[in-house]
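Below you'll find the structure, written out as structure tokens, and then a few comments.
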Amino acid sequence: MKRTIAVVLLLTMNAMAGDLTGKWSGSFKVDGADHGVPQLLIFKQDGAKLTGSGGPDQSEQYPIENGKIDGERVGFEITTGEWKFTYHLNARDARMAGDLELTSVNDKRTAKVTLSKTE
């Protein structure tokens, strides 16, 4: 009986966010900014592990680091030269939204992120 409950809980947790594998597009807007910055993320999900790449478009992509999925919560990092992007998102169906921390040697900013699954 305990084993059955554990299996049902595991399946329910995985179903909450669904499979995130594929292309996601959207933007982030830095607090206080007047425009959004485009985002294209290409995810590969393997259980609770998330890999892939992200950047502003198809031609400029950087590897995803420390990608983790816990129910609807999705977290990962992308490093682009001097900037480190740390994502804290919630996934529902074909949408993700949440917060982004942008950190460099001399600066730290926060932003709001919205993404939709495109493929």
Side-chain angles (χ1 to χ4, degrees):
M1 181 68 169
K2 288 181 182 180
R3 186 175 184 171
T4 302
I5 292 171
V7 169
V8 170
L9 286 173
L10 180 62
L11 292 173
T12 302
M13 285 176 53
N14 287 338
M16 287 181 188
D19 187 0
L20 302 181
T21 298
K23 289 186 180 182
W24 293 74
S25 66
S27 64
F28 70 82
K29 186 174 179 184
V30 174
D31 294 344
D34 61 356
H35 66 282
V37 177
Q39 291 280 275
L40 176 65
L41 299 164
I42 303 168
F43 292 135
K44 172 70 173 124
Q45 181 178 346
D46 183 10
K49 183 178 179 183
L50 189 66
T51 59
S53 63
D57 55 38
Q58 186 75 35
S59 65
E60 187 177 350
Q61 292 285 298
Y62 302 91
I64 288 175
E65 304 163 347
N66 304 313
K68 298 175 186 166
I69 302 166
D70 183 10
E72 292 181 351
R73 292 184 301 213
V74 179
F76 58 94
E77 299 169 348
I78 296 175
T79 303
T80 63
E82 68 180 76
W83 288 97
K84 180 177 182 178
F85 296 71
T86 304
Y87 292 80
H88 304 280
L89 306 174
N90 287 311
R92 279 231 164 136
D93 300 320
R95 297 192 174 275
M96 275 192 253
D99 298 313
L100 171 61
E101 296 172 13
L102 299 93
T103 309
S104 74
V105 173
N106 300 317
D107 199 0
K108 185 171 185 173
R109 302 176 188 187
T110 58
K112 295 294 183 190
V113 180
T114 56
L115 300 166
S116 297
K117 192 168 187 178
T118 59
E119 291 180 20

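Keep in mind that this is a model prediction, so the values were computed, not measured.
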I'd like to know whether S104 forms a side-chain hydrogen bond (donor to acceptor under 3.5 Å, both in side chains) with N106, so could you lay out the CA-CA distance, the side-chain angles of the two residues, the decisive distance to 0.1 Å, and finally the verdict. CA-CA 5 Å; S104 74; N106 300 317; 5.8 Å; no

Should S53 and Q61 be marked as a side-chain hydrogen bond (donor to acceptor under 3.5 Å, both in side chains) after you check the CA-CA gap, both sets of side-chain angles, and the distance that decides it? CA-CA 6 Å; S53 63; Q61 292 285 298; 2.7 Å; yes

Do [X] and [Y] come within less than 4.5 Å of each other through their side chains, counting heavy atoms only?
X	Y	value
E72	R92	yes
F28	L102	yes
Q58	L40	yes
T86	K84	yes

Between F76 and F85, is the gap from one ring center to the other below 6.0 Å? no

Taking it one step at a time, do V74 and L50 satisfy side chain to side chain contact (heavy atoms under 4.5 Å, CB included)? CA-CA 9 Å; V74 179; L50 189 66; 3.7 Å; yes

Yes or no on side chain to side chain contact (heavy atoms under 4.5 Å, CB included) for R73 and N90, after CA distance, side-chain angles and deciding distance? CA-CA 5 Å; R73 292 184 301 213; N90 287 311; 3.6 Å; yes

Nearest heavy-atom contact between S25 and T118 is OG-CG2, 3.1 Å

Backbone N or O of [Y] within a donor-acceptor pair of the [X] side chain at under 3.5 Å?
X	Y	answer
E77	N66	no
D57	S59	yes
Q45	G47	yes

Roughly how far apart are [X] [atom1] and [Y] [atom2], rounded to 0.5 Å?
X	Y	atom1	atom2	result
W24	T114	CH2	OG1	11.5 Å
K117	R95	NZ	CZ	13.5 Å
T110	K29	OG1	NZ	12.5 Å

State yes or no: do L100 and I42 share one hydrophobic cluster built from I, L, V, M, F, W and Y residues joined by side-chain heavy-atom distances below 4.5 Å, directly or via other members? no

For D19 and T21, test the side chains for any donor-to-acceptor distance below 3.5 angstrom and give the result as yes or no. yes

Under 3.5 Å side-chain donor-acceptor pair for T79 and E65: yes

Are R109 and D31 close enough for a salt bridge, meaning some N to O gap below 4.0 Å? no

Check the pair L20 / M96 against side chain to side chain contact (heavy atoms under 4.5 Å, CB included), numbers first and verdict last. CA-CA 10 Å; L20 302 181; M96 275 192 253; 4.3 Å; yes

Please report the C-alpha distance between W83 and I78 in whole Å, then the side-chain angles of each, then the deciding distance to 0.1 Å, and finally whether the side chain to side chain contact (heavy atoms under 4.5 Å, CB included) criterion is met. CA-CA 8 Å; W83 288 97; I78 296 175; over 6 Å; no

Has D46 got more than 12 heavy atoms of other residues, nucleotides or ligands less than 6.0 Å from its CG? no

